Amino acid sequence: MSALSHISCVEDLRRMARGRVPRMFYDYVDAGSWSESTYRDNELALARLKFQARVAVDVQQRSTRSSMLGQEVTMPVALAPVGLAGMIWADGEMLAARAAKRFGVPFSLSTMSICSLEDVAAHIRHPFWFQLYMMRDREFVARLIERARAAECSALILTLDLAVPARRHKDIRNGLTVPLSPTVRNLVHLASRPRWCMDMLRTPRRTFGNIIGHANDVNDLKSFWKWSAGQFDQTVSWADVEWVKRLWGGKLIVKGIMNAEDAVLAVRSGADAVVVSNHGGRQLDGAAASIEVLPEVVQAVGQSVEVHLDSGVRSGQDVLRACALGAKGVYVGRPILYGLGASGEQGVSRTLELLQDELDLTMALCGLRGVEEAGMHILRGR
């Protein structure tokens with residue numbers, strides 16, 4: 001832990017990760033679509049919410065503990081489902097899942113992860129959440145759901161905002177496209193990250209473990225890229241959400257909600273929770289920040305389901321801001337990947353420690369003893 005002793009915030013981890021992760025994979029994490037305006041606005045909109053400090057309040061006995069979807073959590077934070085985490089650090093999803101289990105918060109595995117459902121389930125032997133995309137190959141989707149059930153996943157996260165992939169200029173410039181383009185610049189940059197290269201050589205997990213070897217005629221990266229290019233489904237409807245709910249039968253989280261109408265439709269379609277999310281600014285550029293939409297979604301669904309927030313969260317203060325506006329839980333993606341890229345499992349653990357510490361101290365300075373006490377009254381002008 002000595003290498004992380006000087007780390008005092010998520011920004012420190014980001015800078016460390018930038019120096020250790022190959023550019024093409026670091027840029028995949030630290031970028032948005034088109035002009036990246038929504039990517040930046042997610043953070044700025046959260047920062048604009050100012051706290052109301054309180055004094056002479058007994059806050060000696062306080063706790064960050066809460067619950068998400070009936071699961072007791074150390075703080076109202078879940079590790080967001082992120083693709084390619086296993087390329088940020090070898091076996092990244094498995095290590096992040098272990099850190100989350102030890103800390104006491106939910107881990108979410110992406111369909112586009114490097115480590116498979118089976119890898120993570122065997123590694124931690126603890127319930128986790130699985131994130132699902134609706135693909136044209138519905139038989140494959142059905143098999144994924146059954147694999148999630150076999151892995152004893154406790155919730156399914158259905159992401160709806162990727163019917164068409166947006167353009168991300170950094171990925172194009174870096175050759176991180178379909179098909180993958182191993183440019184000379186990328187190869188040179190890989191050579192400048194010898195530790196990363198050695199770690200990757202030691203693991204057999206370097207492809208998309210949930211798909212390769214499981215989808216029909218997809219046995220290597222070349223066939224994967226060809227298959228995946230035709231899988232984005234522009235016909236997805238709320239009837240498909242109902243189909244997933246029937247097939248899954250367990251707790252369903254619908255992610256990618258950015259207005260009150262869609263939130264209501266998600267609940268009618270069987271969602272047990274909705275996630276207000278603009279995909280971290282990676283899809284519709286020029287869209288509102290997620291935190292700006294949160295209050296209208298909370299108002300629309302009332303107490304019928306939990307409302308979670310994703311996109312732009314960089315600190316424990318942001319977690320409290322979201323809770324103040326009605327979020328029952330917050331998903332953290334990029335900060336976890338910064339920690340992972342900085343120092344693997346220890347980096348993820350340090351990220352969670354920082355978030356909890358910031359959340360705890362901000363609660364105290366706002367006169368709160370528990371997260372459940374957070375409300376609009378702790379934000380100025382609300």
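Quick caveat, the model's predicted, so the values are computed rather than measured. If you read the sequence from its start, that first residue is 1, and numbering goes on from there.
- Of the possible donor and acceptor atoms, none in the side chain of Thr64 sits under 3.5 Å from a partner among the backbone N and O of Met75.
- Cluster annotation: Val105 and Val313 are assigned to the same hydrophobic cluster (Ile/Leu/Val/Met/Phe/Trp/Tyr, side-chain heavy-atom contacts under 4.5 Å, transitive).
- Contact detail for Gly280 and Ser311: the closest heavy-atom pair is N-OG, 2.9 Å.
- Checked by atom type, the side-chain pair Ser37/Asp285 shows a donor-acceptor distance below 3.5 Å.
- Using a cutoff of 4.0 Å between basic side-chain nitrogens and carboxylate oxygens, Arg369 and Asp58 are not scored as salt-bridged.
- Side-chain atoms of Gln231 do not come within 3.5 Å of backbone N or O of Met135 as any donor-acceptor pair.
- Summarising the local packing, CD of Gln299 is surrounded by 12 or fewer heavy atoms from other residues, nucleotides or ligands at distances under 6.0 Å.
- When hydrophobic side chains of Ile, Leu, Val, Met, Phe, Trp and Tyr are connected at separations under 4.5 Å, Val59 ends up clustered with Val57.
- For Trp227, the ring pair (Phe, Tyr, Trp, His ring centres under 6.0 Å) partners at least two apart in sequence or on another chain are Phe140.
- Applying the ring pair (Phe, Tyr, Trp, His ring centres under 6.0 Å) test to pairs two or more places apart or on separate chains, none has a residue in residues 54-78.
- Within a 6.0 Å sphere centred on CZ of Arg206, heavy atoms belonging to other residues, nucleotides or ligands number more than 12.
- In summary, of the residues considered (Asn259, Val293, Asp310), a side-chain contact (heavy atoms from CB on, under 4.5 Å) with Val276 occurs for Val293 alone.
- Both Phe107 and Leu144 belong to a common hydrophobic cluster when Ile, Leu, Val, Met, Phe, Trp and Tyr are linked at side-chain heavy-atom distances under 4.5 angstrom.
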Audit row: Ser349, Arg102, side chain to side chain donor-acceptor pair (under 3.5 Å) steps and yes/no: CA-CA 9 Å; Ser349 295; Arg102 185 170 57 250; 2.7 Å; yes
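- In summary, Glu242 and Lys245 do not engage in a salt bridge, as defined by a charged side-chain N under 4.0 Å from a carboxylate O.
- Side-chain N/O atoms of Ser113 and Glu93 include no donor and acceptor closer than 3.5 Å.
- A salt bridge does not link Asp30 to Lys170: none of the charged nitrogens lies less than 4.0 Å from a carboxylate oxygen.
- Between the side chain of Asn42 and the backbone N or O of Ser290, at least one donor-acceptor pair lies under 3.5 Å.
- How far OG1 of Thr159 is from CD1 of Ile257: 10.5 Å, rounded to the nearest 0.5 Å.
- For residues 314-355, the pairs satisfying ring pair (Phe, Tyr, Trp, His ring centres under 6.0 Å) are His308-Tyr331, with sequence neighbours left out.
- Separation of atoms CG (Asp360) and CG (Leu355) is listed at 12.5 Å; rounding is to 0.5 Å.
- Contact check on Arg168 versus Asp27 returns no salt bridge, with no Lys/Arg side-chain nitrogen under 4.0 Å from an Asp/Glu carboxylate oxygen.
- Heavy-atom contacts from other residues, nucleotides or ligands closer than 6.0 Å to CD of Glu261 number 12 or fewer.
- In this structure, Asn210 contributes its side chain and Leu117 its backbone to a donor-acceptor pair below 3.5 Å.
- Leu201 belongs to a hydrophobic cluster whose other members, connected by ILVMFWY side-chain contacts under 4.5 Å either directly or through intermediates, are Met198.
- Ion pairing of Arg48 with Glu292 is present here, as a side-chain N (NZ or NE/NH1/NH2) and a carboxylate O approach within less than 4.0 Å.
- Annotation: ring pair (Phe, Tyr, Trp, His ring centres under 6.0 Å) contacts involving residues 8-27, sequence neighbours excluded, comprise Phe25-Trp196.
- Contact between Cys197 and Leu190 at its shortest, heavy atoms only, is SG-O, 3.1 Å.
- Counting heavy atoms from C-beta outward, Leu309 and Val319 have side chains that stay 4.5 Å or more apart.
- Atom CE of Met24 and atom CG of Leu187 lie 8.5 Å apart (nearest 0.5 Å).
- Remark: side-chain polar atoms of Asp12 are paired, donor with acceptor, to backbone N or O of Ser8 under 3.5 angstrom.
- Applying the side-chain hydrogen bond (donor to acceptor under 3.5 Å, both in side chains) test to pairs two or more places apart or on separate chains, none has a residue in residues 69-79.
- With sequence neighbours left out, the ring pair (Phe, Tyr, Trp, His ring centres under 6.0 Å) criterion links Phe208 to Phe224, Trp225.
- Summarising the geometry of Ser269 relative to Val241, their closest heavy-atom pair is CB-CG1, 3.7 Å, with the distance given to 0.1 Å.
- Using a distance-only test at 3.5 Å, with no hydrogens or angles considered, a donor-acceptor pair links the side chain of Arg40 to the main chain of Ser35.
- What you find for Gly256 and Asp161 is that their closest heavy atoms are CA-OD2, 3.8 Å.
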Worked verdict on Gln52 versus Arg380 for side chain to side chain donor-acceptor pair (under 3.5 Å): CA-CA 5 Å; Gln52 175 63 66; Arg380 289 190 61 81; 2.7 Å; yes
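- In this structure a side-chain-to-backbone donor-acceptor pair under 3.5 Å is missing from Ser33 to Arg167.
- By the rule that hydrophobic residues join a cluster once side-chain heavy atoms approach within less than 4.5 Å of another member, Val297 and Val267 end up as members of one cluster.
- Listed by first then second residue, pairs satisfying salt bridge (Lys or Arg N to Asp or Glu O under 4.0 Å) with a partner in residues 214-223 number zero, not counting sequence neighbours.
- At most 12 heavy atoms of other shown residues, nucleotides or ligands fall within 6.0 angstrom of atom CZ in Arg18.
- Note: Leu352 CG to Gln356 CD = 9.0 Å, rounded to the nearest 0.5 Å.
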Listed pairs under 3.5 Å, donor-acceptor, residues 120-130 side chains, sequence neighbours left out:
unit_1: His123; atom_1: NE2; unit_2: Arg98; atom_2: NH1; d: 3.4
unit_1: Trp129; atom_1: NE1; unit_2: Ser154; atom_2: OG; d: 3.3

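- The minimum heavy-atom distance linking Arg147 with Ser116 is given by the pair NH2-CB, 4.3 Å.
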Residues Asp91, Thr203; criterion side chain to side chain donor-acceptor pair (under 3.5 Å); working and verdict: CA-CA 7 Å; Asp91 297 335; Thr203 179; 2.6 Å; yes
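- Side chain of Arg62 to main chain of Met363: no donor-acceptor pair is present (N/O by atom type, distance under 3.5 Å, no hydrogens or angles).
- Applying the ring pair (Phe, Tyr, Trp, His ring centres under 6.0 Å) definition to pairs two or more places apart or across chains, none involves residues 272-296.
- Linking Ile, Leu, Val, Met, Phe, Trp and Tyr residues whenever their side-chain heavy atoms come within less than 4.5 Å places Leu247 and Val254 in a single cluster.
- A continuous path of Ile, Leu, Val, Met, Phe, Trp and Tyr side chains, each step under 4.5 Å between heavy atoms, connects Leu13 with Leu95, placing both in one hydrophobic cluster.
- Contact check on Glu146 versus Arg143 returns no salt bridge, with no Lys/Arg side-chain nitrogen under 4.0 Å from an Asp/Glu carboxylate oxygen.
- Scored by the salt bridge (Lys or Arg N to Asp or Glu O under 4.0 Å) test, Arg314 finds Glu43 as partners (sequence neighbours excluded).
- Within the 3.5 Å criterion, the main-chain N or O of Arg193 finds no donor-acceptor partner in the side chain of Arg20.
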Ser108/Gln131 under side chain to side chain donor-acceptor pair (under 3.5 Å): CA gap, chis, key distance, verdict: CA-CA 7 Å; Ser108 308; Gln131 176 269 333; over 6 Å; no
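- In terms of heavy-atom proximity, Gly92 sits nearest to Cys115 at N-SG, 4.5 Å.
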